[in-house]
Amino acid sequence: MKKVNYFFILLFTFFISCYEDKGNYDYKDIQSIEIEKFPDINKTMGDTVQVEPKFNIEIPEDASYLSFEWSIGGETRPDDPNWNSRNFFWIADRLVENFEGLVLKITDSRYGVKYMKKGNCTIAGEFDAWFSWTILAEKNGEACLSFFKTEETEWSSDWSVATITKWKEYDDLYSSRNGGQKLGRGALCMREHYCTGEDADVGQYWIFTEDGAKDLEGIGFTKDIDLNQTFMGGSVPAGAVIQGGVFMKIADILYDQNGCLYSRVKSDPQLFNSDYFLDDPIKYDGKVLEKCEPVFGRYTQSYGNYIPIIDRKNNRLLAFLDGTPTYGFDDLIGAAHVMELPEPTLESGEKLPDNYIPLSNFEGYELLHICYKKVTTSGFPGYYALFKDATGHFYLEEFALRSYIDVVQGPYLKLSNIKVFDFGGKLTQTPSLMCVPPNTATDYVFFAVDNILYMYDKDTEIWSEYLRFDAPITAMDGDNHFKNMLLAVGLENGEFHVVNIVNAKNRPLEERIMCTAKSRFGKIIQINWKIGNGFSSWT
């Protein structure tokens, strides 16, 4: 029976396969459109966003059967021809989170077929741009805040350096954003500071002048509060002119023209300014500290919950603690406490350099400059300190300083990784500035002597002239990308330069200046690297 069934099945299949199809079918070859990946877009408010999509086939410019629709985060703009054309053009007028994306939808009206492509697009605040700097200068005695914003970069094939190809300059930014108001006379310094609030994507800026200080919000650089509002008594203590300070997560510190220190502890670190500075200056061992200056340090780094204080009256370094943001401990433990530096901790078989300069007592030496740097790849916060002895001999001392907390002992410090570099006769003049790119990617130190920028390569101990400028160097900043790519340099005549320091010891002279601002900002006092989330490469 099974054999019979198989026979009929085979016979039926044969007749079907031999049947001549008399139908009249009109087949059309629909050529599918594939949209290539868009370049990633990272722009700021007010920037021009342009996308010219590429396809797998050639599409005529007059292909009226195709319609184009661009959207961001689901938002379309039917009345804007630039959002409904083949090429996308937009002057960014709103913030865009990366997850929203830029989408192109193409509809072929002949067949009702739709094609789509989504790309990455981020629009940040106007001043939340990577590779950008705030510039504090002085014009005719007045403090001026300006901004240098990178708009486009080109990365090298090995991703070692990003060349700035397009930028925008905001001269005298504060006045233009604050109704023509002035910052004050006699520019002193500026300090970016942060908070832990989830909605605080950028830091704020304290600007210090001889007339006082103002705190500016970091989105539009408009005034938030002035310094008088932060003191317990409602104003800065009589006779004090605050020169600057450091603002950490929990504890903040200021110093005046006499080197007296003032502190506050913030009960709510989610706010930029909470609680008040005490009107009385800080005491240590029952005595008011004088001739002191806090050093901007790596307080957000692991083991870095402090900043150093130069105590010139007593020829020593102290530490000012930022509480204890450690699991299992109250954040306020140790906040705003002053501590002496301990004796160095040596590993087994390690010896102190013969020319070690004690940081707890450097009498006989002048501490000229101190800059922070990661001194180990594991990220221990460290510093380079430049000393000069009575004979005019210069020494560069490297050290790591870590903070810990013990259940019984409480907060304590550990000093280690000490090295001393004797400059001998290589440095013959006292440098006005020292700049240390902070990451471990390179071991360069830069010094300014009048209009000459010198470079010291710590690995080879070679000292060389890097650049000569047309005016004295008055400001430097090397705190940028994690590879230590750029050095920003400001001059007395108002010039601002971005210097390429990738592979600096082998870089040809003609490739060292990457770009120069067209504006003359006034005598530049300080430069500060600023990126989108308010934190710098040392975080």
Novice: With a 3.5 Å cut-off and no angle check, do the side chains of Asp215 and Asn273 form a donor-acceptor pair?
Specialist: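 Yes, because at least one side-chain N or O of Asp215 sits under 3.5 Å from a partner of the opposite role on Asn273.
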Novice: Could you name each residue pair satisfying salt bridge (charged side-chain N to carboxylate O under 4.0 Å, His left out) that touches residues 111-122, not counting sequence neighbours?
Specialist: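 Sorted result for residues 111-122: empty, none.
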Novice: Does the side chain of Ser175 come within less than 4.5 Å of Lys182's, by heavy atoms?
Specialist: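 Heavy-atom side-chain distance check passes, below 4.5 Å.
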Novice: I'd like to know whether NZ of Lys149 has more than 12 heavy-atom contacts from other residues, nucleotides or ligands below 6.0 angstrom.
Specialist: yes
Novice: Answer yes or no: is there a side-chain heavy-atom contact under 4.5 Å between Asn87 and Gln50?
Specialist: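 No, their side chains stay 4.5 Å or more apart.
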Novice: Are any non-hydrogen side-chain atoms of Phe208 and Gln243 less than 4.5 angstrom apart?
Specialist: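 Counting from C-beta outward, Phe208 and Gln243 never come under 4.5 Å.
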Novice: Do you know which of Trp133, Phe147, Phe148, Phe131 makes ring pair (Phe, Tyr, Trp, His ring centres under 6.0 Å) with Trp167?
Specialist: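 Of the listed residues Trp133, Phe147, Phe148, Phe131, the ring pair (Phe, Tyr, Trp, His ring centres under 6.0 Å) partner of Trp167 is Phe148.
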Novice: Provide the full list of ring pair (Phe, Tyr, Trp, His ring centres under 6.0 Å) pairs with a residue in residues 33-79, sequence neighbours left out, each pair given once.
Specialist: Phe38-Trp70, Trp70-Phe88
Novice: With a 4.5 Å cut-off on side-chain heavy atoms, are Ile207 and Tyr174 touching?
Specialist: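 Tyr174 does not reach Ile207 side chain to side chain.
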Novice: Show me the donor-acceptor pairs, under 3.5 Å and distance only, between side chains in residues 442-454 and residues at least two apart or in other chains.
Specialist:
from	atom 1	to	atom 2	distance (Å)
Thr442	OG1	Asn484	ND2	2.9
Tyr444	OH	Ala504	N	3.3
Asn451	ND2	Phe469	O	2.8

Novice: So do Leu66 and Asp108 actually touch side chain to side chain, heavy atoms under 4.5 Å?
Specialist: yes
Novice: Less than 4.5 Å apart, side chain to side chain, heavy atoms only: is that true for Asp171 and Phe521?
Specialist: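 A side-chain contact exists here, since the closest heavy-atom pair is under 4.5 Å.
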Novice: Please confirm whether the backbone N or O of Asn493 pairs with a side-chain atom of Arg520, one donor and one acceptor, at under 3.5 Å?
Specialist: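 It does not hold such a pair.
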Novice: Is a donor on one side and an acceptor on the other found under 3.5 Å between the side chain of Gln257 and the backbone of Val241?
Specialist: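 At least one qualifying donor-acceptor pair exists.
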Novice: Identify the two heavy atoms, one from Ile91 and one from Gly46, that lie closest to each other, and give their separation to 0.1 Å.
Specialist: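 Where Ile91 meets Gly46 most closely, the heavy atoms are CG2-O, 3.8 Å.
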Novice: Could you tell me whether the side chain of Thr165 and the main chain of Glu152 form a donor-acceptor pair under 3.5 Å?
Specialist: yes
Novice: Under 3.5 Å, is there a donor-acceptor pair between the side chain of Glu511 and the main chain of Pro508?
Specialist: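 The answer is no, because no donor-acceptor pair under 3.5 Å joins these two groups.
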Novice: For the pair Asn500 and Arg512, evaluate side-chain contact (heavy atoms from CB on, under 4.5 Å) and give the outcome as yes or no after the intermediate values.
Specialist: CA-CA 5 Å; Asn500 189 340; Arg512 293 179 181 179; 5.7 Å; no
Novice: Applying salt bridge (Lys or Arg N to Asp or Glu O under 4.0 Å), name anything that partners Arg468, two or more places apart in sequence or on another chain.
Specialist: Glu465
Novice: Where is the tightest heavy-atom contact between Cys121 and Val96, given as atom of each residue plus distance?
Specialist: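 Nearest pair, atom of Cys121 first, then Val96: O-CG1, 3.5 Å.
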Novice: Mind listing the closest non-hydrogen atom pair of Leu491 and Thr474 along with its distance?
Specialist: C-OG1, 3.3 Å
Novice: If the test is salt bridge (Lys or Arg N to Asp or Glu O under 4.0 Å), which one of Glu210, Glu142, Glu138 qualifies with Arg185?
Specialist: Glu142
Novice: Tell me if the NZ atom of Lys505 is crowded by more than 12 foreign heavy atoms within 6.0 Å.
Specialist: yes
Novice: When you measure from the side chain of Tyr262 to the backbone of Phe231, do you find a donor-acceptor pair of N or O atoms at a distance under 3.5 Å?
Specialist: no
Novice: According to salt bridge (Lys or Arg N to Asp or Glu O under 4.0 Å), who are the partners of Asp158, at least two apart in sequence or on a separate chain?
Specialist: none
Novice: Counting neighbours of CD on Glu510 that are heavy atoms of other residues, nucleotides or ligands and sit closer than 6.0 Å, is the number greater than 12?
Specialist: yes
Novice: Please assess Glu75 against Arg77 for the test salt bridge (Lys or Arg N to Asp or Glu O under 4.0 Å), listing each intermediate value before the final yes or no.
Specialist: CA-CA 7 Å; Glu75 177 195 358; Arg77 298 188 179 182; 2.9 Å; yes
Novice: Looking at Asn140, I want to see if its CG is surrounded by more than 12 non-hydrogen atoms of other residues, nucleotides or ligands under 6.0 Å.
Specialist: no
Novice: Passes side-chain contact (heavy atoms from CB on, under 4.5 Å), Arg177 versus Glu126? Steps please.
Specialist: CA-CA 12 Å; Arg177 297 305 169 100; Glu126 184 177 8; 3.1 Å; yes
Novice: Counting distance only, does the side-chain N/O of Asp279 pair as donor-acceptor with the main-chain N or O of Gly233 below 3.5 Å?
Specialist: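 The answer is yes, because a donor-acceptor pair under 3.5 Å joins these two groups.
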Novice: I'd like to know if the side chain of Arg86 reaches the main chain of Ile59, judged simply by a donor and an acceptor atom lying under 3.5 Å from each other, with no hydrogens or angles considered.
Specialist: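 Answer holds: yes.
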Novice: Is a donor on one side and an acceptor on the other found under 3.5 Å between the side chain of Gln526 and the backbone of Cys189?
Specialist: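 No.
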Novice: What distance separates Lys139 NZ from Cys144 SG, expressed to the nearest 0.5 Å?
Specialist: 5.0 Å
Novice: Ser146 and Asp172: which non-hydrogen atoms are nearest, and at how many Å?
Specialist: OG-N, 2.9 Å
Novice: Assess the residue pair Arg94 and Ile123 against the criterion (side-chain contact (heavy atoms from CB on, under 4.5 Å)); give the C-alpha distance rounded to whole Å, side-chain angles, the decisive distance to 0.1 Å, and a yes or no.
Specialist: CA-CA 7 Å; Arg94 78 170 181 88; Ile123 306 296; over 6 Å; no
Novice: Give me the atom names and distance for the closest heavy-atom approach of Ile309 to Ile253.
Specialist: CD1-CD1, 3.8 Å
Novice: Taking the side chain as C-beta and beyond, is there a heavy-atom pair between Pro437 and Ile501 under 4.5 Å?
Specialist: yes
Novice: Stepwise, does the ring-ring contact (aromatic ring centres under 6.0 Å, His included) test hold for Phe89 with Trp83?
Specialist: CA-CA 7 Å; Phe89 180 89; Trp83 283 52; over 10 Å; no
Novice: Just wondering, do Phe320 and Val246 contact through their side chains at under 4.5 Å, heavy atoms?
Specialist: no
Novice: Check this for me: does any side-chain nitrogen of one of Asp128 and Lys530 sit under 4.0 Å from a carboxylate oxygen of the other?
Specialist: yes
Novice: Would you find a donor on one side and an acceptor on the other, under 3.5 Å apart, between the side chain of Ser132 and the backbone of Ala129?
Specialist: yes
Novice: Where do Lys266 and Asp252 land on the side-chain contact (heavy atoms from CB on, under 4.5 Å) test, with the steps shown first?
Specialist: CA-CA 8 Å; Lys266 291 177 283 194; Asp252 297 338; 3.2 Å; yes
Novice: Hey, which of Asn120, Val51, Thr122 is the one that makes side chain to side chain contact (heavy atoms under 4.5 Å, CB included) with Ile41?
Specialist: Val51
Novice: Can you name the closest pair of heavy atoms from Pro294 and Ile307 and give their distance?
Specialist: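 Where Pro294 meets Ile307 most closely, the heavy atoms are CB-CD1, 3.6 Å.
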Novice: Does Arg191 count as lying over the ring of Phe247, i.e. NZ or CZ under 6.0 Å from the six-ring centre, within 45 degrees of the axis?
Specialist: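 Output no; distance or angle outside limits.
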Novice: List the atom pairs, with distances to 0.1 Å, where a side-chain N or O of residues 216-227 and a protein N or O form a donor-acceptor pair under 3.5 Å, not counting sequence neighbours.
Specialist:
from	atom 1	to	atom 2	distance (Å)
Glu217	OE1	Ile219	N	2.7
Glu217	OE1	Gly220	N	2.8
Glu217	OE2	Gly220	N	3.1
Glu217	OE2	Phe221	N	3.1
Glu217	OE2	Thr222	N	3.0
Glu217	OE2	Thr222	OG1	2.6
Asp224	OD2	Gln204	NE2	3.3
Asp226	OD1	Asn228	N	3.1
Asp226	OD1	Gln229	N	3.4

